[in-house]
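Just below is one structure, and these are the notes that go with it.
Remember, it's a predicted structure, so these values are computed and weren't measured experimentally. Just so you know, ligand 1 is whichever comes first in the structure, and atom 1 is the first atom listed for that ligand.
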Amino acid sequence: MSMRGRLATVLGLFLVAVGLIVWSVAAFLTPGTPGGVMDFTKTQAAGQPVNITAQTVGSIGFGAHPTWVSYLVKNPTTGKWVQDTTWKLPANTLINMTIYNYDSGSPLRNQEWGQVQGTTNGKATLNGTSFQVFNSNAGNGVGHTFAVPGLGLSVPLVGVNGSATLCGAAPCGTNQPHNKITFSFRTPGAGSYPWQCFVPCGLGYLYGNGGPMSAQNYMGGFLEVVR
Ligand SMILES: [Cu+2]
């Protein structure tokens, strides 16, 4: 092969490699499509605690309803953010939850939702500080709750300052205004346990309870607990 031919081949291969790198980075950064089941049963040894990382955003920024509020969850294997609220979990196992809330808040209509309920120690942490109840009439209020009625579990997700420039499209990064909320709970025996947000955050819908509030993969989903 001539020098020119060899150079062309090398250049061609280089461009293919660059293309592949750009494609994989873009694929990683683009959130996954909703509708699947996020499996948390295979990423740790049997009986070991399961770590779940989720985020709540004021507007998802993509898909059929880009302006809707939504939850996203981090794929435990790939680390990729996915808009998927059906989580497969092992039974009788400690779950360590970390939720990054990127949304602003407001006073709760029912102050009961400001109380942490059903976690292993009856508490949660807000940016590293332990709390049992959050007074939503103070500060930035509450944006959402993570609640599993069947487990008596409910944790308020304290809002960020609404006058700041908030993350406008998911997945949001920790360089954007957020509150980090952590708590732990134990899964019961096998079964399907619905979870949801109880803050009427469906802006523009009747009483705030339509749209994302009543749509799976946005403000609610299922814990599919398996043996
Ligand atoms: Cu909500």
Which atom pairs, donor and acceptor, lie under 3.5 Å between side-chain atoms of residues 114-122 and protein residues at least two apart or in another chain?
unit_1: T119; atom_1: OG1; unit_2: G122; atom_2: N; d: 3.1
unit_1: T119; atom_1: OG1; unit_2: K123; atom_2: N; d: 2.9
unit_1: T119; atom_1: OG1; unit_2: K123; atom_2: O; d: 2.9
unit_1: T120; atom_1: OG1; unit_2: S184; atom_2: O; d: 3.4
unit_1: N121; atom_1: OD1; unit_2: K123; atom_2: N; d: 3.0

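- Counting non-hydrogen atoms of other residues, nucleotides and ligands closer than 6.0 Å to CD1 of I52 gives a total above 12.
- Hydrophobic cluster membership for Y207: L206 (Ile, Leu, Val, Met, Phe, Trp, Tyr linked by side-chain heavy atoms under 4.5 Å, directly or transitively).
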Can I get a per-line list of side-chain donor-acceptor pairs under 3.5 Å for residues 191-201, giving both atom names and the distance, sequence neighbours left out?
unit_1: S192; atom_1: OG; unit_2: E224; atom_2: OE1; d: 3.2
unit_1: S192; atom_1: OG; unit_2: E224; atom_2: OE2; d: 3.2
unit_1: Y193; atom_1: OH; unit_2: G189; atom_2: O; d: 2.9
unit_1: W195; atom_1: NE1; unit_2: T85; atom_2: O; d: 3.1

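- Between F134 and F131, the angle of the ring planes goes over 60°, which puts this pair in the perpendicular group of the 30/60° scheme.
- When each of N51, T93, V73 is checked for a side-chain contact (heavy atoms from CB on, under 4.5 Å) with F40, only V73 meets the rule.
- Ordered by chain and number, H144 ND1, C197 SG, C201 SG, M219 SD make up the set of protein N, O or S atoms under 2.8 Å of the Cu ion (ligand 1).
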